[in-house]
Amino acid sequence: MTVPSGGPGKPRVRFAPSPTGYLHIGGVRTALFNWLWARKTGGTFVLRIEDTDRERSTDESRQVIFDALTWLGMDWDEGPQVGGNFGPYTQTERLALYREQADKLVAEGKAYRCYATREELDAAREELKKRDPKAEFKYPGWWRDRTDWPEGKKYVIRFKAPQTGVVTYVDKVFGEVTTPNSEQQDFVLLRSDGVPLYNFGAVVDDITMGMTLVARGRDHMVNTPPQILLYEAFGAPLPDFAHLPMMLAPSGKKLSKRDGAVSVTEYKDMGYTPDAVLNYLVRFGWSHGDQEVFSKQQLIDAFSWEACGRGDGKFDTKKFLAISFEHLKSAELTPDDAYVARVTPFLEARGFSKVDVAKVKSALPAVRERARTLIEAADALDFFLRDEPVMDAKAVEKFLVPASVPLLRGLADSIRTSEAWAEADLDAKAHAWLAEKGLLIKDVAQSARVALTGRSASPGLFQVIAILGRETALARLEAAAKIAAART
RNA sequence: GUCCCCAUCGUCUAGUGGCCCAGGACCGCGGCUUUUCACGUCGCUAACGCGGGUUCGACUCCCGCUGGGGACGCCA
């Protein structure tokens with residue numbers, strides 16, 4: 001087959017997910033490492049959809065993959081939607097190619113037709129299991145050397161795998177890996193319906209698409225030797241291989257739905273920003289000295305396969321939250337405009353139909369250091385944006401009592417005529433009044449806080465007043481004074 | 001069971017023979033700051049799985065063990 005040149009020195013890497021449901025967070029990490037490498041080296045990042053499992057593949061989940069990668073900011077240079085010179089990039093649109101390549105191997109005696117039915121194989125598996133429950137079943141090679149192919153019957157094409165010798169390759173992460181060929185069996189290349197199996201489809205595509213590096217999860221490491229055998233059968237040059245350690249659940253088992261969120265979409269919905277997701281994922285099995293927090297560009301600059309670890313790791317929500325927090329706190333990592341844009345959908349979800357961008361921006365300094373996610377940010381923003389704060393019953397009960405009426409009105413009066421309305425000015429005015437009355441700030445703070453925010457915990461009092469503005473702040477203090485006065 | 005892979009604080013990790021009685025981050029716990037909640041800041045708890053080698057010297061190299069993971073499909 002024609003082997004396209006990867007171009008001198010320019011890597012061609014790919015992400016090849018199956019559209020069978022959501023996009024798994026582990027898959028995102030695989031995509032990320034590939035994407036980082038392409039962006040760092042000026043190479044090409046290819047997206048290929050491996051939808052040969054027709055039982056489970058759906059158009060919806062295909063779309064989910066596109067949406068998720070787009071949301072994460074991982075753009076692909078070739079693939080569905082954007083095209084490219086080696087398409088189509090969806091495996092079910094390449095069936096003729098697989099058929100052709102499989103037939104070629106058969107013609108060359110490197111593969112053969114196998115007419116064994118699924119029932120016969122299942123029976124053989126059963127029988128072996130009965131004899132030795134722990135034994136590994138391998139296809140016994142019934143049709144390996146036969147040419148008396150029955151007319152009109154269904155058959156699969158199997159690879160004539162070598163039985164002796166070894167496959168050795170140098171993994172970019174794990175180093176030299178050697179597997180004896182005695183482990184291999186005559187695995188199926190093409191199903192009876194003409195659809196290729198994973199190892200065959202992937203290799204044909206990786207060859208014809210000119211991939212120079214195949215990076216994927218360690219769960220695929222066992223596929224590499226048989227794939228290399230296929231490259232050799234085709235006489236195609238070998239790409240580099242890199243396997244990434246696995247991301248496991250806290251239990252140490254494979255990360256699955258029962259361990260909580262595993263789909264990127266869920267993290268989006270929980271209020272994580274794309275860069276925070278990438279930052280957390282990349283630090284998993286990769287490190288750059290003591291640095292924990294990275295912008296996307298820093299990631300691109302710093303990334304290397306050599307810095308990848310080899311041990312599997314366990315997913316940690318607490319650490320993920322901490323990384324998210326770092327990104328939300330930093331105006332460098334999440335500039336105001338980006339913050340506003342990201343948090344807006346979450347505000348809308350709380351019922352704000354028209355979000356006052358200027359208001360949100362002015363409140364950001366107060367919000368940044370106490371919101372770990374955009375959901376928390378939306379909550380922290382809530383009382384700044386409402387006409388009237390939602391009053392917490394317990395807070396009202398405790399702090400808006402008759403005795404607080406003169407304090408609330410006194411505080412209001414102390415700042416009412418202030419020319420300047422910045423935090424420091426307000427603080428000075430109020431403290432002058434407190435000193436005159438022989439009061440301490442703590443005597444009025446909680447009542448005022450509840451009056452202004454409806455809550456007993458909030459950003460600094462004068463910061464809140466400054467952000468709310470004169471009219472709103474004074475109105476809230478007076479409204480609260482009335483509530484307090486009405487209590488007995 | 002067979003093959004492959006892995007092994008530093010609870011978690012993510014630094015460490016490529018002496019700089020390490022092991023560093024950073026998260027978590028947890030204290031102190032400071034403080035009008036609340038946070039931020040910040042200071043500090044504490046906490047690890048080289050075990051046993052053999054090699055070496056003047058091993059977290060670092062080798063072997064074994066143990067433990068963990070992956071795979072063994074007409075799934076990917």
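Of the candidate nucleotides U13(B), C3(B), U2(B), U2(B) has the atom lying nearest to any side-chain atom of Glu136(A). Of the candidates A7(B), C74(B), U35(B), C74(B) carries the atom nearest the Leu197(A) side chain, counting heavy atoms from C-beta on. For Val177(A), the side-chain atoms get nearest to C4(B) when compared with the rest of U36(B), C12(B), C4(B). Distances from the side chain of Phe137(A) to the nucleotides G73(B), C74(B), U35(B) place G73(B) closest. When distances run from any side-chain atom of Glu50(A) to the nucleotides A76(B), G73(B), U13(B), the shortest one goes to A76(B). Side-chain atoms of Lys442(A) lie closest to U35(B) of the nucleotides C12(B), C37(B), U35(B). Here the side chain of Pro180(A) is nearest to one of U36(B), C3(B), U35(B), namely C3(B).
With no hydrogens or angles considered, a side-chain donor-acceptor pair links Tyr98(A) and Asp205(A) at under 3.5 Å. Checked by atom type, the side-chain pair Thr224(A)/Arg216(A) shows a donor-acceptor distance below 3.5 Å. Defined by atom type and a distance below 3.5 Å, a donor-acceptor pair is missing between the side-chain atoms of Arg62(A) and Ser57(A). At a cut-off of 3.5 Å, with distance as the only test, a side-chain donor of Arg449(A) or Gln446(A) sits close to an acceptor on the other residue. In the model, His243(A) has a side-chain atom that pairs as donor or acceptor with a side-chain atom of Asp171(A) under 3.5 Å. Using a 3.5 Å distance cut-off with no hydrogens or angles, the side chains of Gln91(A) and Asp51(A) do not pair a donor with an acceptor. With hydrogens and angles left out, the side-chain atoms of His220(A) and Tyr198(A) include a donor and acceptor closer than 3.5 Å.
Here Thr52(A) lies in heavy-atom contact (under 4.0 Å) with sugar-phosphate atoms only. Within 4.0 Å (heavy atoms only), Arg125(A) reaches sugar-phosphate atoms of the nucleic acid but no base atom.
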Which is it for Leu190(A) and Leu197(A) under the side chain to side chain contact (heavy atoms under 4.5 Å, CB included) test, yes or no, and what are the steps along the way? CA-CA 6 Å; Leu190(A) 221 55; Leu197(A) 246 47; over 6 Å; no
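Within 6.0 Å of CD on Glu332(A) lie no more than 12 heavy atoms contributed by other residues, nucleotides or ligands.
Rounded to the nearest Å, the gap between the P atom of G49(B) and that of A22(B) is 15 Å. With both ends at atom C1', the span from G23(B) to C39(B) equals 25 Å, rounded to whole Å. For the P atoms, the distance from C59(B) to G53(B) is 15 Å, rounded to whole Å. One P atom belongs to U55(B), the other to U45(B), and the distance between them is 38 Å to the nearest Å.
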Look for any protein N or O under 3.5 Å of an N or O in nucleotides 47-50 of chain B and output each such pair with its distance, or none.
none

Set out, line by line, the N/O atom pairs under 3.5 Å between protein and nucleotides 14-16 of chain B.
| residue | atom | partner | partner atom | Å |
| --- | --- | --- | --- | --- |
| A14(B) | OP1 | Ser287(A) | OG | 2.9 |

Contacts under 3.5 Å, N or O only, protein and nucleotides 27-33 of chain B:
none

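How far CH2 of Trp286(A) is from CG of Leu299(A): 5.5 Å, rounded to the nearest 0.5 Å. Taken from CZ in Phe187(A) to NZ in Lys138(A), the straight-line distance is 12.0 Å, to the nearest 0.5 Å.
Evaluation of atom-type donor-acceptor distances gives a pair under 3.5 Å for the side chain of Ser192(A) against the base of C74(B). With hydrogens and angles ignored, no donor-acceptor pair under 3.5 angstrom links the side chain of Arg370(A) to the base of C39(B).
Rounded to whole Å, atom C1' of U11(B) lies 9 Å from atom CZ of Phe284(A). With rounding to whole Å, Asn223(A) atom CG is found 12 Å from G73(B) atom C1'. His243(A) has its NE2 atom 12 Å from the P atom of C5(B), to the nearest Å. Taking atom NZ of Lys314(A) as the reference point, atom C1' of C9(B) lies 13 Å away to the nearest angstrom.
In this entry the base of C39(B) is syn relative to its sugar, with a glycosidic angle within 90° of 0.
Phe384(A) pairs in a side-chain contact (heavy atoms from CB on, under 4.5 Å) with only one of the listed residues (Thr472(A), Thr453(A), Ile467(A)), which is Ile467(A).
As the counterpart of A7(B), U66(B) is assigned, both hydrogen-bonding distances of the Watson-Crick or G-U wobble pattern falling under 3.5 Å.
When the nearest nucleotides of RNA chain B are assigned to Met221(A) and Arg29(A) by heavy-atom distance, the more 5′-ward of the two goes with Met221(A).
Between Phe462(A) and His431(A), the ring planes are tilted. Angles from 30° to 60° get that label.
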